[in-house]
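Input: a single structure, listed below in structure tokens.
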Amino acid sequence: MNVKQLFDLKGRVALVTGGSRGLGLQMAEALGEMGARLALTARKKDELDKAVAHLKAMGIEATAWVCDLGKREQIAPVLEQILAKLGKVDILVNNAGATWGAPAEDHPIEGWDKLVNLNLTGAFLVAQLVGRKSMIPAKWGRIINIASVAGLQASDPRVVRTVAYNATKHGVVGLTRQLAAEWGEHGITVNAICPGFFPSKMTKATLDTLGEMVRDVTPTRRLGNDEDLKGLVVLLASEASRHITGQAIAVDGGAMLI
């Protein structure tokens, strides 16, 4: 295979959870641009409709399903619908997630439960179902879990206090490694992307007040932008990454080095 063939996603079906906006939509754009057919899930139908229209304007085939992955009873029925309509899922981008800011000593248990249910349990259940019903039988698959640099180290409490978020993202990294170990024999690779600070709805409040501080301690002196995850997600979704698995890759401008 030449290099273009290694990265070509024509004929592949990619499921992007939390794919209606932000980083999820950016990664969906990249996968679609390389030829994949897309399935998107998110909680809000209006945002999904806008995302599908946006992708179709780019010439990308996309369909969408409303699903709250924090409610486990919704997951299997939606996955069954996606598989019935599209026939398979070759690429899974487990992107849906949330955060909750509070000092550890005051963190409400309902916030902890919400993040565990969505960020960790939801990601596992989607991967389990897609793996069992599509990837393992096909002997090929690419699972890309969106973790965070907060899943690789502690966060500076001067910037954020997000104990549940950090705990769940560390869990996503552990989930990535274990699935990679168990499913490699089936031709499935499992990797995690760990973004640093990217402008998004989730990070807006922090960056509005501390954005300059974050830039100052980042070697590249910048935040992530709309294109900075696209190349990596295509690599990890393609045949080019067949010998890369179980990795947690920081995309943070080198901030973890400091």
Side-chain angles (χ1 to χ4, degrees), residues 1 6-7 9 12-19 23-24 27 30-31 36 39 41 69-70 72 75-76 78-80 82-83 88-97 112 115-155 163-196 229 231-252 256:
M1 299 177 77
L6 286 171
F7 285 90
L9 300 180
R12 300 297 188 192
V13 174
L15 168 58
V16 182
T17 71
L23 303 185
M27 291 184 286
L31 298 174
T41 68
L69 297 183
R72 64 187 66 180
I75 296 173
V78 169
L79 260 293
E80 293 289 356
I82 292 170
L83 289 169
K88 60 178 181 173
V89 172
D90 302 295
I91 301 157
L92 168 62
V93 181
N94 254 326
N95 171 70
W112 178 276
L115 267 60
V116 170
N117 289 337
L118 175 58
N119 296 358
L120 188 54
T121 304
F124 167 64
L125 290 175
V126 175
Q128 183 185 54
L129 287 166
V130 168
R132 185 171 66 231
K133 292 180 174 290
S134 186
M135 294 180 179
I136 291 173
K139 293 293 183 184
W140 198 95
R142 298 288 182 267
I143 297 175
I144 304 159
N145 294 321
I146 307 307
S148 168
V149 292
L152 299 173
Q153 63 180 24
S155 298
V163 64
Y165 180 78
N166 288 52
T168 58
K169 292 303 185 178
H170 274 76
V172 169
V173 171
L175 172 66
T176 298
R177 291 170 174 158
Q178 190 59 36
L179 289 180
E182 294 192 23
W183 288 355
E185 64 181 320
H186 302 298
I188 300 167
T189 66
V190 190
N191 292 287
I193 296 177
C194 301
L229 295 181
L232 180 57
V233 78
V234 169
L235 167 64
L236 296 178
S238 72
E239 190 65 19
S241 63
R242 60 191 169 204
H243 207 51
I244 303 170
T245 196
Q247 302 306 302
I249 303 170
V251 185
D252 68 345
M256 283 186 61

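As the structure is a computational prediction, the values presented were derived from the model and not from experiment.
With Arg142 contributing its side chain and Ile188 its backbone, the two residues share no donor-acceptor pair below 3.5 Å. For the pair Ser241 (side chain) and Leu236 (backbone), a donor-acceptor distance under 3.5 Å is present. Checking side-chain atoms of Asp252 against main-chain N and O of Met256 turns up a donor-acceptor pair under 3.5 Å. Side chain of Asn95 to main chain of Ile146: no donor-acceptor pair is present (N/O by atom type, distance under 3.5 Å, no hydrogens or angles). Thr168 places no side-chain N or O within 3.5 Å of a backbone atom of Leu120 that could act as its donor or acceptor partner. Ser134 places no side-chain N or O within donor-acceptor distance of the main-chain N or O of Val130, the cut-off being under 3.5 Å. Of the possible polar contacts, none joining the Ser148 side chain to the Lys169 backbone as a donor-acceptor pair under 3.5 Å is found. At least one donor-acceptor pair closer than 3.5 Å links the side chain of Asn191 to the backbone N or O of Gln247.
At least one cation-pi condition fails for Arg242 and Trp140: the charged atom is not both under 6.0 angstrom from the six-membered ring centre and inside a 45 degree cone around its axis.
The distance from the CD1 atom of Ile82 to the NZ atom of Lys88 is 15.0 Å, given to the nearest 0.5 Å. Summarising the geometry, atom CG belonging to Leu69 is positioned 6.5 Å from atom CG belonging to Leu118; distances are rounded to the nearest 0.5 Å. A distance of 4.5 Å separates CG of Leu115 from CG of Asn119, quoted to the nearest 0.5 Å.
For the pair Ile143 and Met135, the minimum side-chain heavy-atom distance is below 4.5 Å. In this structure the side chain of Ile193 reaches within 4.5 angstrom of the side chain of Val233, judged on heavy atoms.
Minimum heavy-atom separation, Ala14 to Ala36: CB-CB, 4.3 Å. The heavy-atom pair separating Ala237 from Leu9 by the smallest distance is O-CD2, 3.6 Å. When all heavy atoms are compared, the tightest approach of Asn166 to Ser155 is ND2-OG, 3.0 Å. Closest heavy-atom contact between Ser238 and Leu6: CB-O, 3.3 Å.
A donor atom on one side chain and an acceptor atom on the other are found under 3.5 Å apart for Thr176 and Asn145.
Exactly one residue among Ile91, Val78, Leu79 makes a side chain to side chain contact (heavy atoms under 4.5 Å, CB included) with Leu15. That residue is Leu79.
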